[in-house]
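Heavy atoms only: backbone and side chains are in, while hydrogens, waters and symmetry mates are out. Sequence lines set the chain letters: A, B, ... in the order given, protein chains first and strands last, and positions in each chain run from 1.
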Amino acid sequence: MTEAKEQKQPIYLTMRMKPPWVFIDELRRFVESFCACACPECDREAQLALTVHELMQNAVPHSHDEEVELTLEVEPAVDRVAVSISNACTDDEFNALAARVQRMNREPDALQHYLRAMEEAPAHTRGGLGLARIRYEAQLDLSVSRSWGRLTVHAFGKLHVQPLRLPGGIR
Amino acid sequence: MTIPSQPASRGAPIQVAEEKYSAGVVTDGRGTRVQFRGTISTPNPAVVLNPFVDAVHDELVKAAAKEVLVDFRELEFCNSSGFKAFIHWIQKIQELPEAQRYGLRFLSNPARKWQRTSLLALSCYGVSSVTIQ
């Protein structure tokens, strides 16, 4: 196989773990470095590392002490990247998250939704900003699915994206 | 702009230091700035950072500051819960009467690529309060 062909091959990573909170930093660093190797010309590694970090921080406290699974798919040939993180969940947890993702996706403008989340998320308690941050800053779409008592959050989008710019230019 | 590193009214320095991150008001050859270092990734960092931001804010208002440098150059990462401290800061500035408002000028690290998009979003939230350097 030529080097050029090798660079177009899909690259998958799956990890199953029961990580304590402190390991999320290590995971973010690993994903950043993995993605920089998987697609060096895409400049997506920081955004994908941020996505994994935020989704893991949502999944770990809600995992009911069961395993959390991370899947990363980098597919240069079809210009696609996807991050999926799954954890055990109750009906109520799944329904609450699904409703939140549905509300978020009703706003087509990711920045407007993010700004509203900044306004509305309580300042002194955790939560309420991570998904909006992924959608805008990492330029990924989000969905949620459920199978066998586990919920999976899917973050997916193009591998090559334009850098985000301020409306009206740099201040 | 001058922020005392130890406000007389509280008797405690304006700084916080956790295992993975710290924040403080520093003055050196490069001037006075509010510096954040390390990795802000604990479950609820706003519990630590919001009181810090409140203390810095009070001193800036007392000093009638027009702008403060916020140094992210040694900040490896900040999770969304930690990010709320900066949203809280902007909200505090926006609550001030217009004449008392000051600006946040962020010093970023180009090698930490998340900073660019996060600060971009923050500058959209605090349109008249945030500039990025």
(request) Please look at B:Q91 and chain A and tell me whether the side chain, the backbone, both or neither of the residue comes under 4.5 angstrom of a heavy atom of that chain. (result) side chain

(request) Under 4.5 Å heavy-atom distance to chain B, tell me which part of A:E32 shows up: side chain, backbone, both or neither. (result) neither

(message) Less than 4.5 Å to any heavy atom of chain A: does that hold for the side chain of B:S81, its backbone, both, or neither?
(response) side chain

(request) Measure distances from A:E137 to the heavy atoms of chain B and classify the residue's part below 4.5 Å as side chain, backbone, both or neither. (result) both

(request) Please say whether more than 12 non-hydrogen atoms of neighbouring residues, nucleotides or ligands are located less than 6.0 Å from OH in A:Y12. (result) yes

(message) Keeping B:N79 on the side-chain end and B:T42 on the backbone end, is there a donor-acceptor pair under 3.5 Å?
(response) yes

(message) At a heavy-atom distance under 4.5 Å, which candidate from B:G82, B:S41, B:A85, B:A46 has the highest pair count against chain A?
(response) B:S41

(request) Assess the side chains of A:R44 and A:Q47: does a donor N or O sit below 3.5 Å from an acceptor N or O? (result) yes

(request) Output the option from A:A121, A:A138, A:G127 having the highest count of non-hydrogen pairs under 4.5 Å with chain B. (result) A:G127

(message) Please check if the number of heavy atoms outside B:K20 that lie under 6.0 Å from its NZ is greater than 12.
(response) yes

(message) More than 12 heavy atoms of other residues, nucleotides or ligands under 6.0 Å from CD of A:E26: yes or no?
(response) yes

